[in-house]
Amino acid sequence: MTTMTPLDGGVVVTGRGDVTRRDRSYAHDKVAHVLRFARAPVRYSRVVLTKEPDPARERPAIAEADVDVDGQPVRVKVAAERMHTAIDLLEARLRRRLDRLADRERSTHLRHRDEAWHHGDAAAHRPPYFDRPPDEREIVRRKTFASVPMTIHDAVREMDLLDHDFFLFTNADTGQDEVLQRRPGGRHVLRRPAAAASVDDAIALLDLGQEPFVFFFDGGTGRGRVLYRRYDGHYGLITQSDE
């Protein structure tokens, strides 16, 4: 069951599964309060609360926020045992994201060492992956985009604001498509491309390994692509384009 509550304050709260009105109201109040501290106009804000029905999951309560701050997307996704705990985590992490966005031009915390960068929060409170059998997995999400070339430092900042664990971008210094990955402890590393020339190759590598994604170059276009595991057990595919 999905319920949507366009409450006052410009925050739209959606509930999926066994999510109560009290949960939605609590999330609305928490996020609306945090958005008061944004230092630029908030054009859009949406919260999605999901209660997974599987009792075996350690953290079945998932809270997500998708916010547009004057054209800059800020996204946060957390999971916890209880919904109110997930919402509290969401509030805290969103506040840190907004603070980082305001201070991004003045940030002095980024440093380079052996192709590793330290910046922002460590990945935590993520939803668990659903162990879907390989023969049931499908590519259910495809995204193609032409990114603006950026430095590695800018890519790290953008990746943290979007709350991603990996980020496909075009390196302004080399002109090459590259992927950053966030490691435990807030450490960011550049990933080497896999020996795959097609989506089928990437699927085979992803199913064999324990990594959450495979970075490879398309055999026809030569552009970077990322095949990744979704939390629902299916695949997603991100592709760079020249357009």
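It should be emphasised that the depicted structure is a prediction, and the values quoted were computed from it without experimental measurement. Quick note: numbers below take in every heavy atom, side chains included, and nothing from hydrogens, waters or symmetry partners.
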Check your understanding: Applying the 4.5 Å side-chain criterion to the ILVMFWY set and letting contacts propagate, would Val48 and Leu89 be lumped into a single cluster?
Key -> no

Point to revise | Any Val199 side-chain heavy atom under 4.5 Å of Arg225 side chain | key: yes

Check your understanding: Between the side chain of His234 and the main-chain N/O of Glu138, is any donor-acceptor distance below 3.5 Å?
Key -> yes

Check your understanding: Would a hydrophobic clustering, with Ile, Leu, Val, Met, Phe, Trp and Tyr connected at side-chain separations under 4.5 Å, put Leu190 with Met150?
Key -> yes

Exercise for review: Salt-bridge test for Arg97 and Asp160: reply yes if a basic N is under 4.0 Å from a carboxylate O, no otherwise.
Suggested key: no

Revision key, fill the gap. d(Arg82 CZ, Arg59 CZ) to nearest 0.5 Å is 15.0 Å

Study note, to complete from the structure: Between Ala202 and Val214 the two heavy atoms that sit nearest each other are O-CG2, 3.9 Å

Point to revise | From Arg183 atom CZ to His188 atom NE2, the distance as rounded to the nearest 0.5 Å | key: 11.5 Å

Study note, to complete from the structure: When every non-hydrogen atom of Phe215 is compared with those of Phe213, the smallest separation belongs to N-CD1, 4.0 Å

Check your understanding: Taking C-beta and beyond as the side chain, do Arg230 and Arg141 meet within less than 4.5 Å on heavy atoms?
Key -> yes

**Study point:** Under 3.5 Å donor-acceptor, Asp68 side chain and Tyr44 backbone
**Key:** no

Practice item. Please determine if Asp99 and Arg96 form a salt bridge, counting it only when a charged side-chain N lies under 4.0 Å from a carboxylate O. Key: no

Practice item. Take the angle between the ring planes of Tyr26 and His84 and call it parallel below 30°, perpendicular above 60°, tilted in between. Key: parallel

**Study point:** Within 45° cone of Phe37 ring axis and under 6.0 Å: Arg95 NZ or CZ
**Key:** yes

**Study point:** Salt bridge present between Lys77 and Asp163 (N-O < 4.0 angstrom)
**Key:** no

Check your understanding: Under the criterion side-chain contact (heavy atoms from CB on, under 4.5 Å), which of Leu98, Leu162, Leu94, Leu161 is the partner of Val76?
Key -> Leu94

Practice item. Look at the side-chain heavy atoms of Ile, Leu, Val, Met, Phe, Trp and Tyr, link any pair under 4.5 Å apart, and say whether Val11 and Val42 land in one connected group. Key: yes

Revision key, fill the gap. So CE of Met159 and CZ of Arg182: to nearest 0.5 Å the spacing works out to 5.0 Å

Check your understanding: Do the two ring centres, one from Phe130 and one from Tyr231, sit under 6.0 Å apart?
Key -> no

Exercise for review: Assess whether atom CG of Asp131 is packed by more than 12 heavy atoms of other residues, nucleotides or ligands within 6.0 Å.
Suggested key: no

Check your understanding: Would you say the side chains of Thr170 and Gln240 form a donor-acceptor pair under 3.5 Å?
Key -> yes

Review point. Do the charged groups of Asp218 and Arg223 touch, with an N to O distance under 4.0 Å?
Key: no

Practice item. Please tell me if the side chains of Thr50 and Val19 come closer than 4.5 Å, counting only heavy atoms from C-beta onward. Key: no

Revision key, fill the gap. Between Ala195 and Leu205, the two heavy atoms sitting closest are O-CD1, 4.3 Å

Exercise for review: Could you tell me whether the side chain of Phe169 reaches within less than 4.5 Å of the side chain of Leu180, counting heavy atoms only?
Suggested key: yes

Check your understanding: Looking at Asp66 and Arg75, does any basic side-chain N land under 4.0 Å from a carboxylate oxygen?
Key -> yes

Point to revise | Minimum heavy-atom distance between Leu90 and Ala65, given as atom pair plus value | key: CD1-N, 3.8 Å

Practice item. Report yes if some heavy atom in the side chain of Val179 is under 4.5 Å from a heavy atom in the side chain of Phe167; otherwise report no. Key: no

Review point. Ile238 versus Tyr228: any side-chain heavy-atom pair under 4.5 Å?
Key: yes

Review point. Any side-chain heavy atom of Leu35 within less than 4.5 Å of one from Val67?
Key: yes

Review point. When clusters are formed by joining ILVMFWY residues with side-chain heavy atoms under 4.5 Å apart, either directly or through shared neighbours, do Val13 and Ile62 land in the same one?
Key: no

Practice item. Would you mind reporting whether Thr239 and Phe145 have side-chain heavy atoms less than 4.5 Å apart? Key: no

Revision key, fill the gap. Heavy-atom closest pair (Ala86 atom, Ala80 atom, distance to 0.1 Å) is N-CB, 3.6 Å

Review point. Do you reckon Leu168 sits in the same ILVMFWY cluster as Phe216, going by side-chain contacts under 4.5 Å, direct or chained?
Key: no

Exercise for review: Scan side-chain atoms only and decide if Asp88 and Thr85 contain a donor-acceptor pair under the 3.5 Å cut-off.
Suggested key: no

**Study point:** Qualifying residues under side-chain contact (heavy atoms from CB on, under 4.5 Å), relative to Asp207, sequence neighbours excluded
**Key:** Pro134, Arg137, Ile203, Tyr235

Point to revise | Between CZ on residue Arg21 and NE2 on residue His28, distance to nearest 0.5 Å | key: 10.0 Å

Review point. With a 4.0 Å cut-off, would you call Arg191 and Glu211 a salt bridge?
Key: yes

Exercise for review: Indicate whether the side chain of Glu178 and that of Asn171 have a donor and an acceptor atom separated by less than 3.5 Å.
Suggested key: yes

Check your understanding: How far does CG of Asp201 sit from CG of Leu206, to the nearest 0.5 angstrom?
Key -> 12.5 Å

